[in-house]
Amino acid sequence: MIDVMLLVLFMIGLGGILVCVGVFLIPIGGAPAAMSTATGVATGCEMITMGAGVTGLFLAAAFYTKSLMFVIITAGVSSALMLAITMLFTNLIVIFGKGVPPAFATKERDPITGDPIKPYVTPGTVGHGVPTAPYLGGVLGSFLAGAGGALAFTAMYRFSSGATLAEFVGVLPQPAPQVAAMALSVITAVGLYLINANIAAYSIRGVIESWLDPKFSKLPRVIAACFSASILFGVLILLVSIGGVG
Amino acid sequence: MGHVTKGAPKKPTINPKYLAIIGVAVGLPGVYLGKFSPLIPAALAVPALVWAADAIRRIAGYGLGTGVPSIGNLAIGMGVLTALVGLRYEPALGVALAALWGIMYGVIIGRLKILEIPVFTRCITELSVGASVGLMALLSAAAGGYTVDFFQGRLMPMIFLTGFVVAVFWATSMTIFHPFNACLGPGEKQTRTLKLAVGVAGIDVTLAGISALGVAGLNPSIMTLEAAVGIIFLGAAVWIGGYYAFIKAAIKESASVMWTGFPEAKK
Amino acid sequence: MEFLTAAIVLGVFAFIVSLGAIIGWFEDLESDTGSQSNPNSQVQLAPQMGVRHRIYNKAISGEPISNGLWGATAGTVFTVLWYSFQVHPLIALAVASSFTTLVHISLAVSSHLGRTASVNIFKQPLYLDVVTSHLPLIASHGFIVSTALVALAYIFYNVFFSLEGLLGYPMPIPFLSFLLGIMAGAVGSSTGDIHYGAERQFQHFPFGEGVPSKNFGQITTKAEVGWRTSIDVTYFCAKYGGPMAGFCYALILLVDNLRLLIGNFTVILLSLITGLIILAALIGFNRYLEVWARKKFGPYA
């Protein structure tokens, strides 16, 4: 029992760290991006992290019996696909709806493709759309955020249905899903997103240009905060579901 | 994603200390009194929610760098599991845990210099407790009042299996942050914001009543149809009353009110 | 695998994707009718810059949160009627969406009145005809969104238990509609809103450049004829921003359900590989689009 509880705490802590790193990697433009004044996805940190993260929860719920590693990676890929499609459509609307090419002003050249990128920026703005370097950062970030949420979801679901350590990391032998535990797990995963995405959002003041941003250096301190907050959250998870919830 | 004005909030008309005392002193006994009638916790959840909405007002006045809703969501994220712990073991334990966890979150966020707001730890604790008490009261009202074996016997099979919990969960978050978010601006006034908070809390109570109606349909032995309809009517009355007072205040305090017209030309 | 089961699975799959298109499309237009989410900051700032307007200021919350609430509310009312009282699903759906519309209208009214009253020191008048003329449009778009959300959740839930997990997800209906609503809001606010915020809201500035921060608050207040209201915004965004948001949401559901089907029919590893291939294709297409746009538009001059 103790080993499973420690594993749950570890998974929740890891999930918190993954969500936090995910927020730092997703290019978030906030309100200025909706006016093509800044690079990134045109919505708030918590909004896009939750939007991408909950997409992963669907497949994590559908594949609830599969082995832990597969569930987490599949959910992460789901979230990455969601954000990749969203950023592509962001670019389509910026290009055809506003008539500006994707660009950013923090660097002279795109660090991945090496294209000169600064001349395309409108003076008085810091960029538009999602160019390749932040795009790749966003795909990786949403993968991590989705995997983090799926970790919390799976940890809560398997712990509340009383899985042993081998069932926890391997295949869960359950003939039919426990819908009530599924609901509790979704609330847990959403709670984990709400706490960690907001802590990360406050530290970057709501706007970040993926890994190109100077604010990225704040990451270690925020990871420490998210890890401790998630461990606190994990203790509550143990208290709620110890001994099964059915 | 609103435009947030910087600087400390103006001097409030109603002292937040009174709101805090009323919120806890009324909300927590409400959870226990649920065994007499589920109408009691439904009615007594409103002061706790109004108190949490006032705490948002004090914290978000400083400028968070992102939208006001984020702090309400942080509150509900902290409050939901403490509320469930409270309903599983002992509601008073839930409130104590919510306070303790709120302080710890505040210290973590403050010490690691994530957000440097002077009243942050205090406000985040109030938010955590307010959200937790509000959720406990509403969930216990929806499942027929807090009794022994409430969590396993009533909450999981009636509220979680059917999924009714999510409406109360999310509407509580909306109740906490919407009043300040909707009244944001340089002319924001505490009385107007709190009138709206009462109105939105009415929506929350109505949703708890609808969940109670669903529970009554599934298992009449733990929730009577009359009590469920009573909660819905109570919620609707609070909803309409709060909105009536708010709309009157907003119309009175606007710069000018007209049925139609054009703004005067730009200077 | 019988032919009939395969045909039903494919039919349901197509229906899921088409409902997704409706959700994304109408969600975005609903948020444009009243400038919710990010473009709202400019509507809020405008009176401070001396620009008074007749635009609806619907600052309920961020779109994912508000749409999550519509989904959760409608899903709960639907489940109460359908599961607890065995009402026919179609009737339950209509009642649930109607009740959600009441909640939606209440919050929409309070945000416009509250925000207008709070900018009273900048002499922004409160026009009651703006409120009354916009509410039907907001309510009708919101009604379609909540109907489609709950219908989709109902399909997911029932298909999971009747097709032995080939499609759909084992979550309660309110949870499914809640999560779908959050996704819809995230998609709508990060794609469709750019068409409103960057183009329609600043239409008197030249097309083909981003909005410099010195122009913030200087929103367009005149319409093609007369003063602009948010209804004119919806009319414009219905031509590009709204459909694109719907297309985006439908594509997300298509890819996600396709991977679910592949994982269920074959092995889960293949669904993972499919996902990675689609991801690579998306990255490649985005790169092509970026290069094409830079070549076509040229540097800023």
Would you mind checking if A:D115 and C:R287 are paired as a salt bridge, meaning a charged N to carboxylate O distance below 4.0 Å? yes
Side chain from CB out, backbone as N, CA, C, O: work out which of these in A:V190 comes under 4.5 Å of a heavy atom of chain C, or both, or neither. side chain
If you compare all heavy atoms of C:D256 against all heavy atoms of A:T55, which two are closest, and at what distance to 0.1 Å? OD2-O, 4.0 Å
Donor-acceptor pair, C:E209 side chain versus A:V100 backbone, under 3.5 Å? no
Given a strict heavy-atom distance threshold of 4.5 Å, which part of A:K66 is in contact with chain C: side chain, backbone, both, or neither? side chain
Selection from A:L92, A:L83, A:L57, A:I117 maximising heavy-atom pairs under 4.5 Å formed with chain C: A:L92
With a 4.5 Å cut-off on side-chain heavy atoms, are C:L260 and A:F63 touching? yes
For the pair A:K98 (side chain) and C:A198 (backbone), establish whether a donor and an acceptor sit closer than 3.5 Å, ignoring hydrogens and angles. yes
Donor + acceptor pair across side chains of A:T43, C:S190 (<3.5 Å): no
Quick one: are C:I65 and A:M47 in side-chain contact, heavy atoms under 4.5 Å? yes
If you measure from NE2 on A:H128 to CD1 on C:I194, what distance do you get to the nearest 0.5 Å? 12.0 Å
Mind checking whether C:I252 and A:L81 have side chains closer than 4.5 Å, heavy atoms only? no
Find out whether A:T86 and C:C248 are in side-chain contact, i.e. whether some heavy atom of one side chain is under 4.5 Å from a heavy atom of the other. yes
Name the region of A:M182, side chain, backbone, both or neither, that has any atom closer than 4.5 Å to a heavy atom of chain C. side chain
Chain C contacts, top residue of A:V41, A:T49, A:T132 (heavy-atom pairs, under 4.5 Å): A:T132
If we ignore hydrogens and angles and just use 3.5 Å, is the side chain of C:R259 paired with the main-chain N or O of A:T74 as donor and acceptor? yes
Just so I know, are the side chains of C:F161 and A:V179 near enough to count as touching, which here means a heavy-atom distance under 4.5 Å? yes
Student check: side-chain heavy atoms of A:M82 and C:V255 closer than 4.5 Å: no
Backbone N or O of A:L88 within a donor-acceptor pair of the C:N286 side chain at under 3.5 Å? no
Chain C: which of A:G97, A:S36, A:G53 shares the most heavy-atom pairs with it under 4.5 Å? A:G97
Enter the distance from C:L179:CG to A:F58:CZ here, rounded to the nearest 0.5 Å. 4.5 Å
is_close_aromatic(A:F96, C:Y240), centroid dist under 6.0 Å: no
I'd like to know which of A:A61, A:A183, A:A62 tops the heavy-atom pair count under 4.5 Å against chain C. A:A183
Region of A:F89 that comes under 4.5 Å of a non-hydrogen atom in chain C: both
Mark yes when over 12 heavy atoms from residues, nucleotides or ligands other than C:F297 sit less than 6.0 Å from its CZ; otherwise mark no. yes
Tell me, side chain or backbone of C:F160 under 4.5 Å from chain A's heavy atoms, or both, or neither? side chain
Heavy-atom distances under 4.5 Å only: say whether A:Y135 touches chain C with side chain, backbone, both or neither. side chain
In terms of heavy-atom proximity below 4.5 Å to chain A, should C:F207 be classed as side chain, backbone, both, or neither? both
Pairs of heavy atoms under 4.5 Å with chain C: top-ranked of A:V139, A:T125, A:I95, A:N91: A:I95
I want to check something: taking the side chain as every heavy atom from C-beta on, are A:I93 and C:E199 in contact at a cut-off of under 4.5 Å? no
Quick check: are there more than 12 heavy atoms from other residues, nucleotides or ligands sitting under 6.0 Å from CZ of C:F247? no
Does any backbone or side-chain atom of C:L180 lie under 4.5 Å from a heavy atom of chain A? Answer side chain, backbone, both or neither. both
Counting only heavy atoms not in C:W25 (residues, nucleotides, ligands), do more than 12 fall under 6.0 Å from its CH2? no
Taking side chain as everything from C-beta outward and backbone as N, CA, C, O, which of these in A:P131 sits under 4.5 Å from a heavy atom of chain C? Side chain, backbone, both or neither. both
Tell me, out of A:V54, A:V77, A:V121, who's got the most heavy-atom pairs with chain C below 4.5 Å. A:V77
